[in-house]
K.L.:
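This is the structure I have questions about; it appears just below.
Because only heavy atoms are used, hydrogens play no part in the values below, and waters and symmetry mates are left out as well, while side chains stay in. On a predicted model such as this, the values are computed, not experimentally measured, just so you know. Convention: sequence-line order gives letters A, B, ...; per-chain numbering from 1.
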There are 2 protein chains.
Amino acid sequence: MDKSDIKQAGLKITKPRIEILKLLETSEKQHFTAEELYQELLSNNIKVGIATVYRVLTQFVAAGLIMKHNFEGDQCVFELDRGEHHDHMVDMKTGRIVEFHDEIIEQRQIEIAEKHGFTLMEHSLTLYGEFK
Amino acid sequence: MDKSDIKQAGLKITKPRIEILKLLETSEKQHFTAEELYQELLSNNIKVGIATVYRVLTQFVAAGLIMKHNFEGDQCVFELDRGEHHDHMVDMKTGRIVEFHDEIIEQRQIEIAEKHGFTLMEHSLTLYGEFK
DNA sequence: CTCAGTGCAAACTATTTGCAGATTT
DNA sequence: AAATCTGCAAATAGTTTGCACTGAG
């Protein structure tokens, strides 16, 4: 149940929060900019302010419910954190985003970090190109 | 010689361009935000406007002289394109940036792209953590 | 001399914040 | 009722643009 996640994060269960989480959970599309979420809510006749969308997203990121990505371009995208780490391929023409995971790369990163005396906390790998 | 690079890019050889390129070429620091470059130029008693710095950087990126990176946070960083591809490790405490290159990871990315019918054009891999 | 380049200030875009009223618990 | 949350509008931060002047070729 989604609502309990909100509560567990120490946040009150409000309409904007429920609806944003629902969108991220049930949409076919998995990655949204704040603006896209905002527009989507409006289309669904849910009145919210864009400021609330940003605030809620920030809180959800802090709570570990969702993740925030900084792809190329000027907007960040958000997606539900389903617990399975993955990286992204971004189609530069269409904006389509596909996820992937590769153990060899993951492993290599750890080795490289060790070799450099670097405590690896997170990483971001994004491939840019075009789907045929 | 740096000036010829500017000319080859179809740009006139002007003070701001020469100085920005020189900074990127000769500084110990390899990665700069637009603001840092601007401040550095001012400290060296070179009068430029921040708008010019942004314009010149954009032109240099288009010309392939420099590269632009979108690490976490809100500012982009620029570095000279020395032709040798590399990825980055960013120290989240100090901001220190160290470059690395790993053939296995590079290779893996190509394979993954192929497997997904994706024409890989560029990629960005950044490790976040802390140097010991 | 001509056209590209520059500085300045104003414009823009994405995001954040202050505040008074509305909602959750 | 108390504390959090919300919408609105104003504020920010980074970056871009319009314009009249300057400087490179």
K.L.:
Given atom CZ of A:R17 and atom P of D:dG7, what is their separation to the nearest angstrom?
P.N.:
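Taking atom P of D:dG7 as the reference, CZ of A:R17 is at 11 Å.
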K.L.:
Rounded to whole Å, please give me the gap between CD1 in A:I50 and P in D:dA10.
P.N.:
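Atom CD1 in A:I50 sits about 17 Å away from atom P in D:dA10.
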K.L.:
Can you sort out the partners of B:R108 under side chain to side chain donor-acceptor pair (under 3.5 Å), two or more places apart, ordered by chain and number?
P.N.:
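By the side chain to side chain donor-acceptor pair (under 3.5 Å) rule, B:R108 matches A:D102, B:E111.
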K.L.:
Could you tell me if A:H101 and A:E103 have a donor-acceptor pair between their side chains, going purely by distance under 3.5 Å?
P.N.:
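A pair is found: one side chain offers a donor N or O, the other an acceptor, under 3.5 Å apart.
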K.L.:
Considering heavy-atom distances to DNA chain D, does A:V48 or B:K68 have its closest nucleotide positioned more toward the 5' end?
P.N.:
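The 5'-side residue here is A:V48.
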K.L.:
Check the surroundings of atom NZ in A:K47: do more than 12 heavy atoms from other residues, nucleotides or ligands lie under 6.0 Å from it?
P.N.:
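No, NZ of A:K47 has 12 or fewer neighbouring heavy atoms, counting only those of other groups under 6.0 Å.
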K.L.:
In whole Å, I'd like the distance from the CD1 atom of B:I18 to the P atom of C:dT6.
P.N.:
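In whole Å, C:dT6 P and B:I18 CD1 are 10 Å from each other.
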K.L.:
Flag yes if more than 12 heavy atoms outside A:K93 fall under 6.0 Å of its NZ atom; otherwise flag no.
P.N.:
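Open: at most 12 neighbouring heavy atoms sit under 6.0 Å from NZ of A:K93.
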K.L.:
When clusters are formed from ILVMFWY side-chain contacts under 4.5 Å, directly or step by step, what else is grouped with B:M67?
P.N.:
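Members other than B:M67 - counting any ILVMFWY side chain reachable under 4.5 Å - there are none.
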K.L.:
In whole Å, what is the span from the CG atom of B:L57 to the P atom of C:dG5?
P.N.:
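For the pair B:L57 CG and C:dG5 P, the rounded distance is 15 Å.
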K.L.:
Quick one: B:I6 CD1 to C:dG5 P, roughly how many Å, whole number?
P.N.:
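My rounded result for the distance is 11 Å.
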K.L.:
Residues of residues 69-78 of chain A with any non-hydrogen atom less than 4.0 angstrom from an atom of DNA chain C: list those, numerically ordered, please.
P.N.:
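Those residues whose heavy atoms fall under 4.0 Å from DNA chain C, taken from residues 69-78 of chain A in numerical order, are A:D74, A:Q75, A:C76.
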K.L.:
Once you round it to whole Å, what is the distance between C1' of C:dG7 and CD1 of B:I20?
P.N.:
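Whole-Å distance recorded here is 13 Å.
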K.L.:
Among all residues two or more places apart in sequence or in another chain, which pass the ring pair (Phe, Tyr, Trp, His ring centres under 6.0 Å) test with B:F71?
P.N.:
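Residues passing ring pair (Phe, Tyr, Trp, His ring centres under 6.0 Å) with B:F71: B:H69, B:H88.
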K.L.:
Are the aromatic ring centres of A:F118 and B:F131 under 6.0 angstrom apart?
P.N.:
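Distance test on ring centres: under 6.0 Å, yes.
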K.L.:
To the nearest Å, give me how far apart CG (B:L42) and P (C:dG7) are.
P.N.:
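In whole Å, C:dG7 P and B:L42 CG are 10 Å from each other.
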K.L.:
Is there any protein nitrogen or oxygen under 3.5 Å from a nitrogen or oxygen in nucleotides 23-25 of chain C, and what are the pairs?
P.N.:
unit_1: C:dT24; atom_1: O2; unit_2: A:K12; atom_2: NZ; d: 3.1
unit_1: C:dT25; atom_1: OP1; unit_2: A:I13; atom_2: N; d: 3.2

K.L.:
Polar pairs (N or O, both sides) under 3.5 Å between protein and nucleotides 17-22 of chain D?
P.N.:
unit_1: D:dG18; atom_1: O6; unit_2: B:R55; atom_2: NH1; d: 3.4

K.L.:
Counting distance only, does the side-chain N/O of B:Y128 pair as donor-acceptor with the main-chain N or O of B:E72 below 3.5 Å?
P.N.:
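Such a contact is found between B:Y128 side chain and B:E72 backbone.
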K.L.:
Minimum heavy-atom separation for B:I6 to B:I18, with atom names?
P.N.:
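Heavy atoms only, the tightest pair is CD1-N, 3.9 Å.
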K.L.:
Got a salt bridge between B:E40 and B:K29, using NZ or NE/NH1/NH2 to carboxylate O under 4.0 Å?
P.N.:
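No, this pair does not count.
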K.L.:
Does any donor atom in the side chain of B:H85 or B:E99 lie under 3.5 Å from an acceptor atom in the other side chain?
P.N.:
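Looking only at side-chain atoms, B:E99 and B:H85 do not form any donor-acceptor pair under 3.5 Å.
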K.L.:
Take the protein atom CD of A:E35 and the nucleotide atom P of C:dT16, then report the distance between them rounded to whole Å.
P.N.:
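After rounding, the reported distance stands at 14 Å.
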